[in-house]
> 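If you scroll down you'll find the structure; I have some questions about it.
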Protein chains: 2
Amino acid sequence: MKKVRLADVADLAGVSMKTVSNVVHNYPHVTPEMRRKVQQAIDDLGYRPNLTARRLATGKTGMIALAIPEIDHPYFSELSRYIAEEASRLGYRVIVEQTLSNPEAERAVLNDREAGLVDGVIFHPVRMQSMEVARLQRDVPVVLLGESTMPVTADHVMIDNVVAAQEGVRHLVGEGRRRIAFLGMVSGDTTGSTDQRLLGYQQGLVDAGMTPDPDLVLSVSDFTPEESSRAVAHALASGVAFDGLVCRDDRFATGALFALRQAGVQVPRDVAVVGWDDTELGRWASPPLTSIAPDKRELAATALALLRERIDGYHGIGRHRIVSHALTIRESAPLGAPAFQSR
Amino acid sequence: MKKVRLADVADLAGVSMKTVSNVVHNYPHVTPEMRRKVQQAIDDLGYRPNLTARRLATGKTGMIALAIPEIDHPYFSELSRYIAEEASRLGYRVIVEQTLSNPEAERAVLNDREAGLVDGVIFHPVRMQSMEVARLQRDVPVVLLGESTMPVTADHVMIDNVVAAQEGVRHLVGEGRRRIAFLGMVSGDTTGSTDQRLLGYQQGLVDAGMTPDPDLVLSVSDFTPEESSRAVAHALASGVAFDGLVCRDDRFATGALFALRQAGVQVPRDVAVVGWDDTELGRWASPPLTSIAPDKRELAATALALLRERIDGYHGIGRHRIVSHALTIRESAPLGAPAFQSR
DNA sequence: CTGAAAGCGCTAACAG
DNA sequence: CTGTTAGCGCTTTCAG
């Protein structure tokens with residue numbers, strides 16, 4: 001019961017390796033009788049093709065790497081799911097590379113010490129700068145995710161963060177909010193996702209004829225709900241007054257909801273909250289979060305489509321794709337619930 | 001800038017392939033001068049070893065598969081994170097296999113059509129029965145996760161569900177709850193995780209001198225918070241009265257909290273709720289969930305340790321490991337908040 | 001301590 | 001439509 005090879009099957013069936021291979025691959029032109037005989041031998045021997053050998057011979061691994069900061073961040077776990085599903089649809093297996101936002105780990109994603117592991121990489125960098133990505137990128141096809149400005153050498157998929165943030169602000173303004181804060185600058189987040197969201201937030205205020213107030217931009221010391229909660233609690237304690245809040249992501253929004261509740265501030269009556277990413281975490285928050293919803297499925301499909309083209313030989317310049325988003329309205333910032341009136 | 005091979009490096013350096021290989025692998029007995037020369041050639045050529053070829057030659061892939069129902073279920077995404085971290089610590093890469101609780105997909109995990117993809121598999125089945133696992137399991141080392149009764153042919157890691165559920169009940173009883181319900185029978189969940197939790201729940205009631213009431217065992221039609229919420233709403237509407245609730249997992253508990261809130265039932269005053277898995281979802285629920293907390297890190301470490309031993313040649317009988325758990329107390333079922341008294 | 005050569009198991013070009 | 005054979009790139013005895 002050991003190591004059955006293609007050649008063994010060929011021997012038993014009394015045919016050549018090529019014929020066995022043809023059967024394994026379901027090639028059309030094999031006589032039914034031949035096919036039967038070979039299949040018999042395969043079954044008898046319990047033969048299964050060795051993937052590694054096949055890869056060596058074909059030069060294709062049938063695998064892609066998905067490199068993300070944290071597997072268990074709700075946004076990334078949900079995105080991973082769609083990517084896994086789409087990949088499997090295209091016949092790829094996915095190997096997950098968790099960078100934990102570690103610069104070295106991010107570098108290792110592109111600067112791999114060995115080759116031939118995967119056919120392509122989908123990479124969401126957090127610390128790595130555009131230039132560095134360009135410099136390190138080698139022969140492996142790469143599609144970048146996330147909101148930073150990306151090098152023209154790589155493909156890139158994102159949503160329009162500026163517009164999305166503007167829409168979030170517009171929604172709050174439309175509901176009568178006049179002092180709208182932004183939650184989540186994080187030091188070390190060098191890729192500019194937050195910057196773009198902040199920019200859109202400011203733009204949204206200007207669009208509404210308001211003047212951005214620096215005091216209303218809240219910083220968080222780390223990418224956790226705990227820190228977000230702390231930041232909001234601190235702002236409230238410091239007397240920063242706001243009736244609307246746009247958050248960098250649902251996790252931060254979750255922490256914010258907690259802090260507001262602790263402080264006896266009612267949502268949405270006193271403060272309307274908008275999250276980002278539309279994750280399950282926000283969907284079941286109390287109150288459920290209104291959230292900017294990137295089309296994760298489309299994101300996954302687009303990323304894989306681009307990657308596939310690269311794998312199939314496309315060598316052109318980097319392409320940028322903007323994927324659609326929506327504002328999912330829920331209780332934390334509902335329609336028709338003007339400030340200071342309970343529903 | 002194409003395909004630099006080991007042989008090319010050897011040529012340039014004017015040494016044999018073996019020597020280059022020795023340098024690449026940091027073998028001790030190479031003269032410093034030789035090493036320098038070879039390293040030079042490696043750098044000049046930008047050589048990187050081809051993993052696939054190495055695998056073919058060594059027979060080891062350095063990869064393990066993690067097969068779970070859903071990547072984005074909070075419990076599994078958190079578990080995945082620890083497994084990824086531990087795997088990377090041991091030098092393994094992880095490929096994620098999402099079964100979506102599909103029987104065929106689960107079968108495919110063990111019954112793989114091709115060999116040589118991974119060195120081992122960590123598998124959390126949901127639909128597959130013990131017998132079937134035993135029947136399908138082949139030569140690849142497998143460690144099973146989850147609570148079903150598992151075949152003696154495979155290793156298995158779990159927490160003691162019965163005891164954990166008893167503890168959950170005991171906690172509620174200690175806080176003065178007298179009508180404690182259990183939420184989450186799901187049809188099609190054939191592995192018995194829920195069964196064991198239910199058993200522990202019943203045992204816990206008996207321990208406290210109470211009589212299990214079938215009406216207090218709530219069924220859910222699918223593994224989603226939505227359905228859980230619906231089930232609880234239905235129970236409330238039907239006049240089922242309870243002052244404590246043990247949930248099959250945090251997701252169900254989240255749905256339950258929602259339904260209770262909608263119905264104007266206060267948690268924990270009117271109903272104290274205990275979740276299961278201690279996920280971020282529950283940590284930020286409102287109120288934050290008391291939850292049975294499997295030690296996910298230990299779970300991951302144990303599973304990988306067992307798998308590693310198998311990969312390294314252990315061929316003995318299946319080993320069962322019980323990993324520790326705790327009851328994390330939070331607001332949904334706090335200490336010192338007897339029923340019908342607000343805090 | 002280094003070099004030569006025989007695999008690892010499969011694919012694919014090329015004949016037949 | 002089927003058979004032969006030369007790789008794919010690395011590891012690893014086994015001599016030297």
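By convention in this document, chain letters (A, B, ...) are assigned in the order of the sequence lines, proteins followed by strands, and residues within each chain are numbered from 1.
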> May I ask you to test the B:Met158-B:Arg321 pair for a side-chain heavy-atom distance under 4.5 Å?
no

> Establish, with yes or no, whether the OP1 or OP2 oxygen of C:dT11 is under 4.0 angstrom from a side-chain nitrogen or oxygen of A:His25.
yes

> Could you check which residues of residues 37-51 of chain B get a heavy atom under 4.0 Å from DNA chain C? Sort them by number, please.
none

> Look up atom CG in A:Leu304 and atom OH in A:Tyr92, then write down how far apart they are to the nearest 0.5 Å.
8.5 Å

> A:Ser21 side chain: which of D:dC10, C:dT11, C:dC10 is closest?
C:dT11

> What is the separation between atom CG on A:Asp11 and atom P on C:dC10, rounded to the nearest whole Å?
13 Å

> So which pairs with a foot in residues 44-65 of chain B pass side-chain hydrogen bond (donor to acceptor under 3.5 Å, both in side chains), sequence neighbours left out?
B:Thr61-B:Asp119

> Under the salt bridge (charged side-chain N to carboxylate O under 4.0 Å, His left out) rule, collect the residues that match up with A:Glu70, sequence neighbours excluded.
A:Arg251, B:Arg81

> Hey, are the side chains of A:His124 and A:Leu144 touching, using non-hydrogen atoms and a 4.5 Å cut-off?
no

> To the nearest Å, give me how far apart CZ (B:Arg5) and P (D:dT11) are.
14 Å

> How close do B:Gly120 and B:Val140 get, heavy atom to heavy atom, and via which atoms?
CA-CG2, 3.9 Å

> Choosing from D:dG9, D:dT11, C:dC10, which nucleotide comes nearest the side chain of B:Thr58?
D:dT11

> For A:Ala305, what residues pass the side chain to side chain contact (heavy atoms under 4.5 Å, CB included) criterion, not counting sequence neighbours?
none

> Is there a side-chain contact between B:Val121 and B:Val143 (heavy atoms, below 4.5 Å)?
no

> Show each protein N/O and nucleotides 2-5 of chain C N/O combination with a separation under 3.5 Å, one pair to a line.
{"residue": "C:dT2", "atom": "OP2", "partner": "B:His29", "partner atom": "O", "Å": "3.3"}
{"residue": "C:dG3", "atom": "OP2", "partner": "B:Ser16", "partner atom": "N", "Å": "2.9"}
{"residue": "C:dG3", "atom": "OP2", "partner": "B:Ser16", "partner atom": "OG", "Å": "3.2"}
{"residue": "C:dG3", "atom": "OP2", "partner": "B:Thr19", "partner atom": "OG1", "Å": "2.8"}

> Using atom CZ of B:Arg55 as one end and atom P of D:dT12 as the other, report the distance to the nearest whole Å.
15 Å

> Quantified as the angle between the terminal helix axes (five pairs each), what is the overall bend of the helix from C:dC1-D:dG16 to C:dG16-D:dC1 to 10 degrees?
30°

> In whole Å, I'd like the distance from the CG atom of B:Leu117 to the C1' atom of C:dC10.
16 Å

> Please report, rounded to the nearest Å, how far the P atom of D:dG9 is from the CZ atom of A:Arg54.
18 Å

> Salt bridge or not for A:Glu86 and A:Arg297, using N-O below 4.0 Å?
no

> Return the CG to CD1 distance between B:Leu66 and B:Ile83, rounded to the nearest 0.5 Å.
4.5 Å

> What is the distance, rounded to the nearest whole Å, between atom CD of B:Glu114 and atom C1' of C:dC8?
18 Å

> In whole Å, what is the span from the NZ atom of A:Lys60 to the P atom of D:dG9?
14 Å

> Does B:Glu106 come within less than 4.0 Å of B:Arg127, counting only side-chain N to carboxylate O?
no

> What is the distance, to the nearest angstrom, from the CG atom on B:Leu56 to the P atom on C:dC10?
9 Å

